[in-house]
Each structure stands twice: as C-alpha cells, then as structure tokens.
Amino acid sequence: MSKNLFIKDSVIIRNGKLLRNGKVVVQNYPDQKLSSFLKEIYKDQELKYPKFFKMDKLSKLGYLASEILFQNIEPDPETALVFSNAASSLETDNAYAETMNDFPSPSVFVYTLPNIMLGEISIRFQLRSENIFLVSEDFDPGLFIDYSKTLFQQEKAREIVCGWVDLHNSDYDVFLCHIGPEGRYDFNEEELKKLYLPTHE
Amino acid sequence: MKRNYLLSDSIISPLGFGTDANLKAIRSGGSALKFHTNSRFLKDGFYAGLIPEKAIDEHFSDIGAPAMFTKLEKLMILAVQQILDQNPGLEMQDTGLIISTTKGSIDQLGKDEFPEDRLFLWKLAEVIADFFQIKKKPVVVSNACISGALAVKTANDLITAGRFLNAIVVAGDLVSDFVLSGFQSFQAISEKPCRPFSSDRTGISLGEASAAILIGPEAGKNEDRISYIDACTANDANHISGPSRTGEGLYLSISRLLAANNIEPEEIDYLSAHGTATEFNDEMEAIAFNRAGLEKVPVNSFKGYYGHTLGASALIETILTKHSLLENELFTSLNFSEVGVSIPLNIIKENRNKKLSLALKTASGFGGCNLAMLLKKEVYE
C-alpha cells in the first residue's frame, strides 16, 4: 500500500533568522551569541516550558523549531520523529570533556547523545512514537524519504517530522518539516531540497 | 512481502575475535568483565570488558596498517572483514553499509593523533566504507543504546525501500574515559561485575566490542535460516535519562509489534532483554514484559558476559539471539543470583536446549527510546 505524502509546514533556524514556511518569525541582532538568540526566540514566542533552560544548545534548537512547527496545533500522537545531523552531539561532548578535568557533570553528560533531543520533543508533545537519529555529512533528502516512506507503508506513523538539527563550533543549521497525507508540497527530494535551501536567500 | 534474513555475522570482543569464539566462551560461562585499576575517574578500580589495542593490532596488521586507524575504526573494520571473508562473492556495488555507534572514536577527543574530523560519526562511516571500497553512501544510526538493533531495522527498511540489495550492519563502541566518567557521575557503575535482574544488582559494567551482520533477501535455501520479521520503536515521553516507571515505551513497542504481526505473547519462545543491571532499568523492563504478557517467556541479559557495549550491545545480542534460534540453545543470564524485580521473570539460570522458533529482542536507552524486534526461524525440511 502506498499513499501520497505531502509536506505541510517547515521551519528553518539559520544565519540569525527563524523562518516558518519561508517567512521570518524572529531575527537576531548583529553579533548576537547563539545562546542569547535562543532565549530571544523563547521570549518572543511567549513559550512557557521551564525544561527549556536545562537543555543543551542542540536540544534547544530542536525543541524551539518543533514549537514553531506545531504552532497552534496538537500533533497527532502517532507522529514519528526522523532526525539527522552531521556533528552528532560534538558541541556538548566538548563541554562535557571540560567538566571532566574538574568534576564530571552528569547534567551535561546526559546530553552527549544526539537523540536526547528526540526525547525532549517527545516529552513536550507527549509523542510515544517511532524515533530515529541518523548522522550524515550533509542534509540527505533521499535518506529521510526512504526511511519515512517505509514507516508510512508499514503503518507505523500517521505523520512524521523530518528534522536536520546541526550544531558545531557555534555554527547551527536547523530545518524541520511536517509530513502527512495532506499538505502543500509533494514529499520528494526536489521539494525537500528547495525548502531546505531556498534559492532566493 | 519479501523477507530479509540475518546472514553471516561477526562479534569482536574480549571473549574472542569472531562469533564462534564468542559462542564458545558464552557456553562455558566466560565473561569479558575483569577488574581494572587504570582510570583516574574510578580510583578504587572498576570491572569492564576491555580489548587491549595490542591484540587488535595483531589481527589488524593482516589487512591494514594499524597506526593509520583509531581503535574503534580497527574494531569495526575487523568485524566487516569477517563478513566479507565469509561471502567472497558478495556484490559490493549494491551493498549498503549501516553503522551503529553512540560515541564513535570519542577516546580521541582532545588528542591530536588523528585529524580532527575522525571524531565525526559520518567520517567513521566513510573510513570504513573507503577501506572496503563500498560505493554506496553509508548510513549512520546514533540513537543511544537501541542503536545496534535500530540499525538492523534500518537495514531492513532501506532494503525494502530499494536503496540497497543487501546491507552490512556494523556496530561498535569503546570504554573511554569520557564514557566511564560520565556513567560514574551518574553513580551508575557497579563495584562488582553487573548482575542483571538480580536482587543484589548495583549498576552497570561497561564493555567495548564491535559486531557486524549481513542482511539481505538471499538466504541459503537448503538450511535453517533466521528471518527478520519486524521491529517497532516507541519513546517513553517521560524522562531523558531515566526509564519510565510504567515501562510505557517498551510496553508500547512490544505490544504494537505483536499486534501488527498477529502474534500472541505465548508464541514467543525466547526473549533477549536489555538488562543493564541498574535498579530502575531492570525494574522497568520487568513491568513492561509483564504488561505485554511475557513474564513466563525464558529471558536473559547478555550484559554479564560483555558489560554494556552501548551502540554495539543490541547488535551483539541480536546475533546471539540468531544463534540461539539456530542451535535451539538458551544461554544462562550470567551473574544472576535471585529475582530482584517486583515481577518474577523466567530468567534462564543454566544453559539448556529447547526447540526455538520465534524470538523477541528488546532494547532501551537514554532519550526514552525503546525497541522491540521479532526474529523467526524458517526450518529447512
């Protein structure tokens, strides 16, 4: 059984801008540090989720993007999370390694796995669904599509969030898109590429 | 639907270089867990399953230059090499490579023995793919302690999607200062070799290992074979570093898997649990197994043999489950003393033979992730 799949909404956090469906929602000021930009998004969007402040920056990026993606909607409980990045949790690995010289920090260590972000998003939206975290050098639309289509075909998900949430040496690149049986664009490589890297930017 | 099979496999661990050596050690109750005193983070010493790099290099020098590769790269390459040795005719053009690891070559963090990009998990995959001239872009699964089994699911699903004809899944993780100090900071490391599901369990032991398996649709037709039936994952949506008290995610992954495949709990002959020997994990598993109606199924944990090998554990245990099915053999849950979970389980207390057909493998990990997988023996008649 094969159903047609569509991309509903998408979110990008890149170059000091947070965009939803291509429109700027929050923009940083020049030379603003990532941690302060993340806080600004949280405040601007009037989010009330104290767990945010405990998260590492990678999870904050994924969490904030999911809040913006699911703006005003309650996601279907069978929304699978298919996420990926290039640097795994290397930024937090380095932060944890620094604590090792002094007093190894359990609260930092717990974030030294990239899939912790999936746990954070699952907790926030109460998703007891299929999860996977993959690592590739670059955003790989074909891999998202192959894995996601199989989840739909096997009826393991009604909707999916595909996410690229990468952070390394304070460089960040976030792209989330919501996939389901209805939506704006066809769920194929070409559309994913266009949404991930809009040419007019 | 076309099924995929669990074909050739390899385990590289302190118990031996190859699956046969590992099975032999397990049958005689051997354990990789030895006492070590070389960590500045555990001053009173610790039990772990370590592979001396010298032993790895002795094997590796037959196929490559040991100094050119990190310890983990060598372990994973050795495992893949064993798969290729067993399958000289394997068409590499259409064979995928799926990597499972949590931390990769994290032992190299802050050192400058290798270029910095060797810390990236995609680079680890690239190094292995290049070594064997695998053309298809490798896929890396890094999903905490369910990674090894999730990589098997990924291999199956990507073959089904037409991305590969076959896939080699290779998993590995090391016992590094990074991981040792991290688990110690949680006070999760046992002073004695870990004792899964026992009343006197006090935490995990860590281990290092690699493993590989070939997965594909073409199995030998005139022998018993093990087919991959299906697997489900489910998140607890409860806590990022502690298991759910109700075993919610594990229960959901099992119950959805059984329902989707029209299987009753009574049909399952053997359950390969995660069983890390932390107080909360083992209790969570017992609750989930009970809710799923599995409390009477013979069950073991292999952590007493290997320690927790993180991204390798669920693949090693899948391979051992495959051999249990093929040989109709149930392996002792090593270091088990007496039941220490609130719901009695049917823990395997001694090696014995039993006719086996259907097995369930489960795993759970940080981030609230859980996985359940069904493997079935097709008997040649």
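Labels below follow one simple rule: chain letters A, B, ... track the order of the sequence lines, proteins then strands, and each chain is numbered from 1.
Formation of a donor-acceptor pair under 3.5 Å by the A/Y172 side chain with backbone atoms of A/V165 is not found in this model.
Residues B/K135 and B/Q93 have side chains not in contact (no heavy-atom distance under 4.5 Å, counting atoms from C-beta outward). A 4.5 Å side-chain heavy-atom check between B/Y251 and B/N370 finds every atom pair outside the cut-off. Counting heavy atoms from C-beta on, the side chains of A/V25 and A/L19 never come closer than 4.5 Å. At a threshold of 4.5 Å between non-hydrogen side-chain atoms, the residues A/N85 and A/F83 do not count as touching.
For a residue to count as touching a neighbouring chain, one of its non-hydrogen atoms must lie under 4.5 Å from one of that chain's; by this rule B/S253 does not touch chain A. With a threshold of 4.5 angstrom between heavy atoms, A/L81 does not approach chain B through any atom at all. Only the side chain of A/S88 comes within less than 4.5 Å of a heavy atom of chain B; its backbone N, CA, C and O stay farther away. For B/D230, the part sitting under 4.5 Å from any heavy atom of chain A is the side chain, from C-beta outward, and nothing else. Using a 4.5 Å cut-off between heavy atoms, B/K137 touches chain A through its side chain atoms alone. The part of B/E126 that comes within reach of chain A is its side chain, from C-beta onward, which places non-hydrogen atoms under 4.5 angstrom from that chain.
With B/S190 as the fixed residue, the side-chain contact (heavy atoms from CB on, under 4.5 Å) test singles out one of B/I204, B/T202, B/T278, B/T276: B/T202. Each of B/L375, B/N4, B/N261 was compared with B/I229 under the side-chain contact (heavy atoms from CB on, under 4.5 Å) criterion, and only B/N261 meets it.
Remark: A/F175 pairs with A/F139, A/Y196 by the ring pair (Phe, Tyr, Trp, His ring centres under 6.0 Å) rule, at least two apart or across chains.
Defined by atom type and a distance below 3.5 Å, a donor-acceptor pair is missing between the side-chain atoms of B/D173 and B/T309. With 3.5 Å as the limit, one finds a donor-acceptor pair spanning the side chains of A/S89 and A/D93. When only modelled atom types and interatomic distance are considered, B/E285 and B/H274 share no side-chain donor-acceptor pair under 3.5 Å.
The contact list for residues 100-128 of chain A toward chain B, using heavy atoms and a distance under 4.5 Å, reads A/M100, A/N101, A/P104, A/S105, A/P106, A/F109, A/V110, A/Y111, A/T112, A/L113, A/P114, A/N115, A/I116, A/L118, A/G119, A/E120, A/S122, A/I123, A/Q126, A/L127, A/R128 by residue number. By a heavy-atom distance cut of under 4.5 Å, B/D236, B/A237, B/N238, B/H239, B/I240, B/S241, B/E248 are the residues of residues 236-249 of chain B near chain A, going up by number. For residues 44-80 of chain A, an interface with chain B (any heavy-atom pair closer than 4.5 Å) does not exist.
Side-chain rings of B/H308 and B/F183 stay apart, their centers remaining 6.0 Å or farther from each other. The ring of B/F186 has its center closer than 6.0 angstrom to the ring center of B/F366.
Chain A forms more heavy-atom pairs under 4.5 Å with one residue of B/S181, B/A161, B/G162 than with any other, namely B/S181. For the set B/I106, B/L109, B/I99, the entry with the most heavy-atom pairs within less than 4.5 Å of chain A is B/L109. If you tally non-hydrogen atom pairs under 4.5 Å between each of B/P138, B/C232, B/G368 and chain A, the highest count goes to B/C232. Each of B/A125, B/G367, B/G182 has some count of heavy-atom pairs under 4.5 Å with chain A, and the biggest count is that of B/G182. Between chain B and the residues A/L90, A/N131, A/I145, the most heavy-atom pairs under 4.5 angstrom are made by A/N131.
In summary, A/K193 and A/E190 do not engage in a salt bridge, as defined by a charged side-chain N under 4.0 Å from a carboxylate O. A salt bridge is defined here as a Lys NZ or Arg NE, NH1 or NH2 lying under 4.0 Å from an Asp or Glu carboxylate O, and B/R256 with A/E130 fails to meet this definition. Here B/R163 pairs with A/D140 in a salt bridge; the nearest charged N to carboxylate O distance falls below 4.0 Å.
The aromatic rings of B/F178 and A/Y96 sit perpendicular, their planes meeting at an angle over 60°, well past the 30° parallel limit.
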Given side chain to side chain contact (heavy atoms under 4.5 Å, CB included), test B/I254 with B/T362 step by step and report yes or no. CA-CA 8 Å; B/I254 297 168; B/T362 65; 4.1 Å; yes
